[in-house]
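Below is one structure, written out as structure tokens; comments come after it.
Every chain is numbered from 1 and lettered A, B, ... according to where its sequence line falls, protein lines coming before strand lines. Since we're looking at a predicted model, the values are computed, not measured.
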Amino acid sequence: MVLKINQRKEEKVVVIDFVGELDSSSVSYFNLKFDEIKKETGGKYFIFNLEKLEFISSAGWSAIVNESKKIKDEGGEIFLAGLDKSAERIYDLIGIEAIIKKFESVEKAKEAILKK
Amino acid sequence: MKKVKSIKTEIMLVIFFVMLIIVNGTGISILIYLQNSLLREVEARGKGLVINIANNVADYLLIKYDLEVAKILKEATNSKDVRYAMIVDGKGKIIAHNDMLLIKKEIKELLKDVKKTKNGSPICYYMGEEKVIDFSMPVKAKGKINLGVVHLGISYSVITDVLKKVYFNMVLFSLIAFILSFGGAFFLSRTITNPINQLAEGAKIVGSGNLNYQIKLNKENELGMLAETFNKMVEDLKKAHLTELEKVALEKELEIASKLQMSLLKKVFPRLENYTINAFYKPAKEVGGDFYDVISLRDGKFCIFIADVSGKGVPAALVMSLLNGIIPIEINLTSDLIKAIGEINDELLLKGFENIYVTLLSGVLNPENDTLEIVSAGHHETLIYRADKKSVETVCPQGAAIGIFDGEVLKSKLKKEVLKINKGDKFLFFTDGIIDAKSNDGKRFGLEKLKEFFMLNVEDTGDILLNKINKEVNYFSEGTIQTDDIAMIILERKKF
């Protein structure tokens, strides 16, 4: 399986762990799973834990940007945590921080959300 | 739909007639049986009574004891249904009667024969009014002398009454049969004709195009099965239809994609004196992705750009189409790359392509002073081979992708880098399809590997070099499916 997604609820935040790769072959799985998680948890704030995500292609970034904009319309927000060097590079290159905030770790992301 | 004569009517009629025949047939048989049985009873009784009288009056007649005879006759008529009891002489004259007034009359005045019963007893009209069965017995005294004949009449009404009752019941049953046949019709309509009508309705609705219609028939009989089969058929039709729709949509996608791809493959670049520009393009199976061009600008400069649209499918292809049109125009309008990119960005945002961003690497080549101005909108590195150093370096000006920020913000993030191009230098622009190419064991091609390979084959001319790179990527990713477009442009300044 190219990509595996698990979720866990921590206080008022849903942490989603990504394992594997997010490229055009796993984008549809990501979209479906995220929809499911949104419905199941009814949560508003999501932290994407990318520590175990080895690779994100431009299609993957596009999907993340997509979901982020969608959830903003629904009054929620996505945060990224645990990006590796290459992911961070593309994040900076494209300028994604205008859309999605990133944090070093899930803990730091939670802190920031709970302050809201 | 034309009015159909319901099969209900036919079936109703059949049921009605069958019931009628059964009921009435049974009735008639009972009737005949009853009649016979009653008759036997009556005859037995009549015969018994008449014998009794004959025995009793014999002695009294002999001694002409008239009073006693009359008493016996009167008594006999007290019996139920006995209409008369009389004694007639050899000539038919009435010598004794329960009604004294009728004595001396002729018997044929009172009794008119009609017919005989099965057993031979005569059925007659008594006094012109009533039907009776006449029983007769000769009176013998001392076993020899014929003193007369006793006649006893029992009313036939016993039998006709019963017959009337039976006729009445038969009519009643026929009526019930008639009512029941109506009941049968209702039952039939519920179990047969209504379901059939529902099926016909359903077929009509589906036929008119509504493939979501399902017939709700909760019966476990053949009609229920028919409804189920029908529903399954509609589902299959729907699936096939959807597949058909998907097919059409996919064909449309492929059409758009192939048009764009054709235009890319056919691109002819303007000729430059001291420079050669080559491009290589290999599209992935899915729509959407990369495009590039070389445009001659007004002031003798040339703009080279290579772009990568994020996302896939028709939206990405549409954006590609759009940009293919806008970019040359904007770049020609203002010779300022950053300004042009700002405009292009706002155009894209305006069109409402919300979830798609585009990375763009653009360079303006000035052949007069051999400089290349590079602006990168979110694009990764460009490889540069420096002939004097015989080494490959990378350049990646600061920037951000198109389609995310507001034009002004984007412009503030874009930095221009001006590079000198010396004789023999080569610039390689490419999209991430190359460095993201995946091998069978999960490794990515990567920038370093490209740098090395570029260096290794740098003496080859542009088109050969690009082909070699493609082959190398192919070899590396053998066994995996290409999911991203591969596009490269190489700009070379001639050595001499």
Side-chain angles (χ1 to χ4, degrees), chain A residues 1-4 18-32 34-35 48 50 52-74 76-78 80 83-102, chain B residues 284-290 307-313 315-316 319 345 352-361 376-381 396-406 409-410 412-414 431-433 435-438 442-448 480-485:
Chain A
M1 182 84 145
V2 178
L3 176 70
K4 253 200 129 229
F18 288 69
V19 180
E21 299 181 348
L22 183 62
D23 60 13
S24 36
S25 66
S26 50
V27 156
S28 9
Y29 169 75
F30 160 64
N31 287 325
L32 277 167
F34 188 54
D35 269 344
F48 284 9
L50 309 179
K52 296 216 178 84
L53 194 61
E54 288 163 18
F55 178 78
I56 311 177
S57 75
S58 58
W61 280 112
S62 176
I64 294 178
V65 165
N66 212 342
E67 292 294 348
S68 180
K69 288 202 174 155
K70 257 180 22 193
I71 212 158
K72 279 221 176 108
D73 291 338
E74 297 164 13
E77 203 171 340
I78 294 177
L80 303 179
L83 282 83
D84 67 8
K85 262 181 47 191
S86 54
E88 229 182 304
R89 221 193 113 243
I90 301 192
Y91 179 92
D92 291 332
L93 200 62
I94 295 178
I96 296 186
E97 70 173 330
I99 309 173
I100 314 176
K101 297 198 184 29
K102 72 166 157 69
Chain B
K285 268 207 275 199
E286 289 176 33
V287 185
D290 310 342
D308 188 347
V309 181
S310 74
K312 289 256 175 290
V319 170
N345 178 78
F353 289 101
E354 287 263 311
N355 304 311
I356 290 184
Y357 65 82
V358 183
T359 63
L360 172 73
L361 190 293
S376 166
H379 203 81
H380 50 247
E381 292 83 349
C396 190
Q398 185 202 315
I402 295 173
I404 296 178
F405 301 93
D406 169 65
V409 175
L410 178 61
S412 70
K413 290 184 185 270
L414 296 170
T431 58
D432 57 11
I435 48 184
D436 285 351
K438 194 163 125 178
K443 293 207 190 73
R444 300 281 168 175
F445 198 85
L447 185 63
E448 283 313 309
T480 68
I481 310 168
Q482 181 193 345
T483 54
D484 212 347
D485 287 3

Inset, instruction - Could you pull out the closest heavy-atom pair between Ala98(A) and Phe405(B), with the gap in Å? - result: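 Heavy-atom minimum between the residues: CB-CE2, 2.7 Å.
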Inset, instruction - Determine, for Arg444(B) against Glu54(A), whether the closest basic-nitrogen to carboxylate-oxygen distance falls under 4.0 angstrom. - result: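 A salt bridge is absent here (no side-chain N lies under 4.0 Å from a carboxylate O).
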So how far is it from [X] [atom1] to [Y] [atom2], rounded to the nearest 0.5 Å?
{"X": "Asp92(A)", "Y": "Gln398(B)", "atom1": "CG", "atom2": "CD", "answer": "10.0 Å"}
{"X": "Asp23(A)", "Y": "Asp436(B)", "atom1": "CG", "atom2": "CG", "answer": "8.5 Å"}
{"X": "Ser57(A)", "Y": "Lys438(B)", "atom1": "OG", "atom2": "NZ", "answer": "10.0 Å"}
{"X": "Ile94(A)", "Y": "Ser310(B)", "atom1": "CD1", "atom2": "OG", "answer": "7.5 Å"}
{"X": "Ile404(B)", "Y": "Lys69(A)", "atom1": "CD1", "atom2": "NZ", "answer": "7.0 Å"}

Inset, instruction - Not counting sequence neighbours, which residues clear side-chain hydrogen bond (donor to acceptor under 3.5 Å, both in side chains) with Glu88(A)? List them please. - result: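 In terms of side-chain hydrogen bond (donor to acceptor under 3.5 Å, both in side chains), with neighbours along the sequence ignored, Glu88(A) is linked to Lys102(A).
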Inset, instruction - Can you sort out the partners of Thr431(B) under side-chain hydrogen bond (donor to acceptor under 3.5 Å, both in side chains), two or more places apart, ordered by chain and number? - result: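 Applying side-chain hydrogen bond (donor to acceptor under 3.5 Å, both in side chains) to Thr431(B) gives Asp290(B).
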Legend entry - Contacting moiety of His379(B), where chain A heavy atoms sit under 4.5 Å: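 Contact with chain A is through the backbone of His379(B) alone.
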Legend entry - Lys72(A) atom NZ, over 12 foreign heavy atoms within 6.0 Å: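 Yes, NZ of Lys72(A) has more than 12 neighbouring heavy atoms, counting only those of other groups under 6.0 Å.
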Inset, instruction - Pick one of side chain, backbone, both or neither for Glu67(A), based on which atoms fall under 4.5 Å of a heavy atom in chain B. - result: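 Looking at Glu67(A), nothing touches chain B.
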Legend entry - Side-chain heavy-atom pair Thr359(B), Ser58(A) within 4.5 angstrom cut-off: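 No, their side chains stay 4.5 Å or more apart.
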